[in-house]
Amino acid sequence: MCEKDVLERLYEVVLERKRNPQEGSYTCYLFDKGLDKILKKVGEESAETIIAAKNGVAPETVGEISDLIYHLMVLLAAQEIPLGAVMEELDRRSQKIGNLKQFHTVDRET
Ligand SMILES: N=c1c2ncn([C@@H]3O[C@H](COP(=O)(O)OP(=O)(O)OP(=O)(O)O)[C@@H](O)[C@H]3O)c2ncn1[C@@H]1O[C@H](COP(=O)(O)O)[C@@H](O)[C@H]1O
C-alpha cells in the first residue's frame with residue numbers, strides 16, 4: 001500500500017471540510033469567518049513560531065510550526081490553490097539550486 005504523505009492527508013481533510021461543512025469543526029469555523037480571519041491566524045502563528053524559536057524550546061517550536069502549517073493549508077484551500085503547486089515549486093527549486101551547486105563545484109575544481 002502506498003501511504004499518503006501527512007501533508008497531503010491534512011490538505012485533503014481541510015478541502016473536505018470546505019466542501020462538506022461539519023458541526024464543531026475548527027476548519028469550517030475558519031472558512032465561515034473568511035479570508036481575513038485565516039490571514040490573521042497565519043500571522044499569529046508565524047509570530048508564535050518566532051517567539052518559540054527565540055525561547056529555544058524545541059517541542060514548543062515544533063507545536064507552533066505545526067499550527068502554522070495547518071493554517072497555511074487552510075489558506076491554500078481557501079484560495080483554491082492545490083498543495084501540489086507548492087510541492088512542484090519546492091521540487092523545481094531543489095533541482096535548480098542543486099544544479100547551481102553542482103555548477104559551482106565543477107567551476108571550483110577546474
Ligand atoms: N492540524 C490541525 C490543527 N492545528 C491547530 N488547530 C486548531 O487551531 C487553533 C489554534 O489555537 P488558537 O489558540 O490560536 O486559536 P483559538 O483560540 O482556538 O481560536 P481563534 O478564535 O483564535 O481562531 C486550535 O483551536 C487548534 O485546535 C487545528 N485544527 C485542526 N487540525 C487538523 O484538521 C483536521 C480537521 O479538524 P476539524 O476541522 O476541527 O474537524 C484535524 O483532524 C487535524 O488534522
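Atoms within a ligand are numbered from 1 in the order they appear, just like the ligands themselves.
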For ligand 1, the residues whose heavy atoms come within less than 4.0 Å (ordered by chain, then number):
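Around ligand 1, where the cutoff is 4.0 Å for heavy atoms, the contacting residues are Leu10, Val13, Arg17, Ser25, Tyr26, Thr27, Tyr29, Lys37, Lys41, Glu45, Asp67, Tyr70, His71.
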
Is the shortest heavy-atom distance from the side chain of Glu45 to the side chain of Tyr70 under 4.5 Å?
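No, too far: nothing below the 4.5 Å cut-off.
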
So for atom CZ, which belongs to Arg92, do other residues, nucleotides or ligands contribute more than 12 heavy atoms lying within a distance under 6.0 Å?
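Counting other residues, nucleotides and ligands, CZ of Arg92 exceeds 12 neighbours.
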
Measure the spacing between [atom1] of [X] and [atom2] of [Y] and express it to the nearest 0.5 Å.
X: Leu83; Y: Leu72; atom1: CG; atom2: CG; answer: 11.0 Å
X: Glu44; Y: Leu39; atom1: CD; atom2: CG; answer: 11.5 Å
X: Asp5; Y: Met87; atom1: CG; atom2: CE; answer: 6.0 Å

Could you tell me whether a side-chain N or O of Asn55 sits under 3.5 Å from a main-chain N or O of Val57, the two making a donor and an acceptor?
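Judged by distance alone, no pair lies under 3.5 Å.
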
